[in-house]
Amino acid sequence: MLVLLVLLGVGAPAGSLCTEEPPASDVALSADVMVPMRDGVGLATDVYRPARDGKPLPGRYPVILMRTPYNKTLRAGATARYFVSHGYVIVFQDVRGRYKSQGHWRMLYDDGRDGTDTALWIGRQAWSDGDIGTIGTSYEGGTQHAMAIANSPHLKAMVPLFSLSDVGRYGIRHNGAFELRFYNWVFSMGDPGGEPNLVAAARAASDPAAAPALAALVQHVPEYLRALPLRPGTTLLKFAPDYESFLIAAMSRGGADPVYTDMGVDVVDSADRYADVPVYHVTGWYDSWGLQVANLNYPALRSHKHSLQRLIVGPWTHSRPEADFAGEAQFTPDAAIDLKAFEQRWFDHWLKGIDNGVEREPPVHIYVMGGGDAHKTAEGRVFVGGHWRDEQEWPLARARTTAYYLHAGGTLSTEASGSHAPVSYRFDPQHPVPTLGGNISSQGVLASAGAVDQRCRAELWTCTDTNPLSARNDVLVFQTAPLAADLEVTGRLIVKLWAASDSPDTDFTAKLIDVYPPNADFPGGVDFNIGDSIVRGRFRNAPAGAGAAEPLEAGKPYEFTIEMYPTSIVFKRGHRIRLDISSSNFPRFDVNPNTGEPLNDNRSWRIAENSVYVDAAHPSRILLPVVPAQ
């Protein structure tokens with residue numbers, strides 16, 4: 001064991017269960033401890049302990065654990081100093097096959113077992129009091145869920161942030177479509193920022209000489225996406241065989257396939273087996289995992305577990321709880337939270353027994369977006385505004401599900417559909433609708449996240465003009481009249497779309513938009529995306545696309561269910577509520593070639609003639625959870 005004792009400047013510590021507390025400036029680091037797994041593979045682990053004069057303090061402490069694919073040394077940073085200064089031992093570990101850990105990387109498949117073996121090892125250490133809390137965002141949250149589903153020992157409290165889970169339903173597969181951000185993630189060798197990463201590439205490479213070429217792959221992702229599908233051995237990704245095999249399997253198989261279900265992170269399907277421990281679920285309205293966190297995991301665990309389950313949803317993009325903006329939307333300054341203090345308060349109660357009131361607070365804390373005057377901020381953003389509010393449940397019991405029907409001529413209203421012919425458009429997979437904002441992460445240069453004005457711009461590689469997306473012939477626009485009063489929509493966003501195609505398979509997309517009227521700062525108004533989603537026709541009868549494929553019958557209308565990620569937004573008086581229907585949203589999702597060929601194995605493409613029904617027998621509609629005015 002290599003032990004490095006380093007002095008790190010930290011603040012004054014809080015109380016500790018140990019007889020001695022760390023002084024303000026001392027942290028002892030045991031670096032690169034190779035913790036053995038049951039199959040003999042060693043996982044590189046760093047242990048940060050309270051110290052005095054460069055020497056670890058005796059006694060036992062509660063432990064905070066992060067298992068990460070993102071380089072344990074970089075992830076430690078200020079987080080290690082913070083928690084040690086507050087009387088914790090904190091452990092960072094590279095997951096199997098990443099950075100300094102041994103073994104082969106297999107997207108989360110080993111993390112239930114490896115997390116359990118790591119917890120057993122921690123429980124045997126002289127510096128551990130036997131209680132473990134877990135932290136980490138995104139993939140790291142997935143490793144937490146894997147530990148809980150495996151019922152790992154010593155697990156006492158969790159804070160999975162913006163957490164990966166239920167990936168065959170949403171997140172990797174999405175109602176049958178594939179989220180291309182994971183293509184970018186793999187081509188960047190798992191760099192969270194989508195940047196060239198020579199260290200990660202060298203670890204992934206089967207031949208060390210190929211590492212520079214692998215690191216540079218991420219710079220060419222847009223070109224590769226134009227040339228899909230991805231086949232074995234056809235790109236330089238062949239020099240990272242663990243990564244190539246995962247990506248091709250994920251792109252080639254539906255959400256019910258073992259490539260997804262065997263990862264061990266399907267929380268909603270594993271609620272009975274999930275460890276009965278207190279969990280604080282954290283996500284954002286523009287998070288790429290928000291639907292799973294809020295609509296699936298929190299309700300499932302709250303109904304199945306005795307332990308306290310809490311939910312906080314801010315106006316954030318993925319892994320940005322300390323930001324008060326999302327894309328081009330600016331919120332109030334209190335939209336940002338102090339993440340480390342937030343986590344510490346949870347662990348102080350459950351790991352140290354401190355009575356700080358967390359168990360007596362309302363179970364749900366949400367940020368309601370909207371209400372701002374839409375002025376341009378100094379950073380060039382639109383002031384959307386908003387406020388925090390406590391709730392007793394999620395979804396809200398008092399929200400009234402209100403149907404807004406699609407009408408010929410582009411009207412969206414609560415009046416029932418009349419007698420109209422279907423509205424048809426041509427969907428050309430070689431000219432897909434560009435992604436502008438949304439619930440996206442790990443996207444690198446592919447697209448932007450959060451709220452984005454729905455107008456193309458010259459600097460975007462997917463745009464060929466600077467027109468609004470509403471001007472495209474393959475985008476059907478339905479909108480309300482200007483609202484006579486403010487309208488709050490908080491909860492699940494579900495579209496019931498009656499549609500048909502002349503092709504054996506095609507996609508249908510839906511996007512909810514807040515249309516701002518013109519003002520002095522934005523004379524053309526602003527069209528902000530609130531939520532979007534997709535459904536792949538062949539998976540229309542499978543929950544969230546996680547089931548068997550069924551070809552479409554040409555010209556036959558089907559009712560498609562398209563669920564967007566949840567939201568909480570006040571549509572202001574004078575704004576319009578708009579719903580855009582199309583058949584592509586690229587590169588958030590892979591583009592359907594409309595041929596019905598096997599996933600990720602098409603050799604051709606065809607232009608589809610798609611039709612949306614707006615008559616009384618086929619009432620296409622969006623179901624909005626309207627919260628009555630107080």
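Just so it is clear, the values below take in all heavy atoms, side chains as well, and ignore hydrogens, waters and symmetry mates. Residue indices begin at 1 and follow the sequence shown.
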Ignoring hydrogens and angles, state whether a donor on the side chain of [X] or [Y] is under 3.5 Å from an acceptor on the partner side chain.
X    : Y    : value
S163 : H145 : yes
S138 : S319 : no
E140 : T68  : yes
N295 : W394 : yes

Any donor-acceptor N/O pair, [X] side chain to [Y] backbone, under 3.5 Å:
X    : Y    : result
H349 : I354 : yes
Q454 : V452 : yes
S188 : D191 : yes
Q330 : D324 : yes
R173 : M251 : yes
N175 : I534 : yes

message: Walk me through whether F83 and Y48 qualify under ring-ring contact (aromatic ring centres under 6.0 Å, His included).
response: CA-CA 9 Å; F83 278 105; Y48 295 80; over 10 Å; no
Would [X] and [Y] pass as an ion pair if we require N to O under 4.0 Å?
X    : Y    : value
D355 : R360 : yes
R573 : D486 : no
E361 : R345 : yes
D110 : R113 : yes
K305 : D276 : no
E391 : R398 : yes
D532 : K511 : no

- request: Show your reasoning for whether ring-ring contact (aromatic ring centres under 6.0 Å, His included) applies to F528 and Y516.
  value: CA-CA 8 Å; F528 265 163; Y516 284 62; 5.7 Å; yes
Within 45° of the axis and under 6.0 Å from the centre of the six-membered ring of [Y], does NZ or CZ of [X] qualify?
X    : Y    : result
R621 : Y405 : no
K352 : Y88  : yes
R320 : W285 : no
R588 : Y565 : yes

Are the side chains of [Y] and [X] in contact, using a 4.5 Å heavy-atom criterion?
X    : Y    : value
V265 : D166 : no
I135 : I90  : yes
Y367 : M369 : yes

task: Enter the distance from F182:CZ to D590:CG here, rounded to the nearest 0.5 Å.
output: 14.0 Å
- prompt: Can you check side chain to side chain donor-acceptor pair (under 3.5 Å) on D266 and S270, steps first, answer last?
  reply: CA-CA 6 Å; D266 283 349; S270 306; over 6 Å; no
Given [X], which partner from the list [options] fulfils the side chain to side chain contact (heavy atoms under 4.5 Å, CB included) test?
X    : options          : result
L43  : R98, K72, Q93    : Q93
L65  : T45, V89, I132   : I132
R578 : N529, D527, L412 : D527

query: Given the rule in the side chain to side chain donor-acceptor pair (under 3.5 Å) test, do N297 and S165 qualify, once you have shown the distances and angles that lead to the verdict?
result: CA-CA 8 Å; N297 300 346; S165 65; 2.8 Å; yes
Is it true that [X] and [Y] have ring centroids separated by less than 6.0 Å?
X    : Y    : answer
Y82  : H86  : yes
Y99  : Y70  : no
Y274 : H304 : no
H174 : Y170 : yes
F162 : W289 : no

field: P363: partners by side chain to side chain contact (heavy atoms under 4.5 Å, CB included), with sequence neighbours left out
entry: Y298, R302, R310, Q392
query: Going through the checks in order, is the side chain to side chain donor-acceptor pair (under 3.5 Å) test met by N184 and S442?
result: CA-CA 7 Å; N184 189 76; S442 301; over 6 Å; no
query: Run the side-chain contact (heavy atoms from CB on, under 4.5 Å) check on V282 and V313 step by step: do they pass?
result: CA-CA 6 Å; V282 180; V313 191; over 6 Å; no
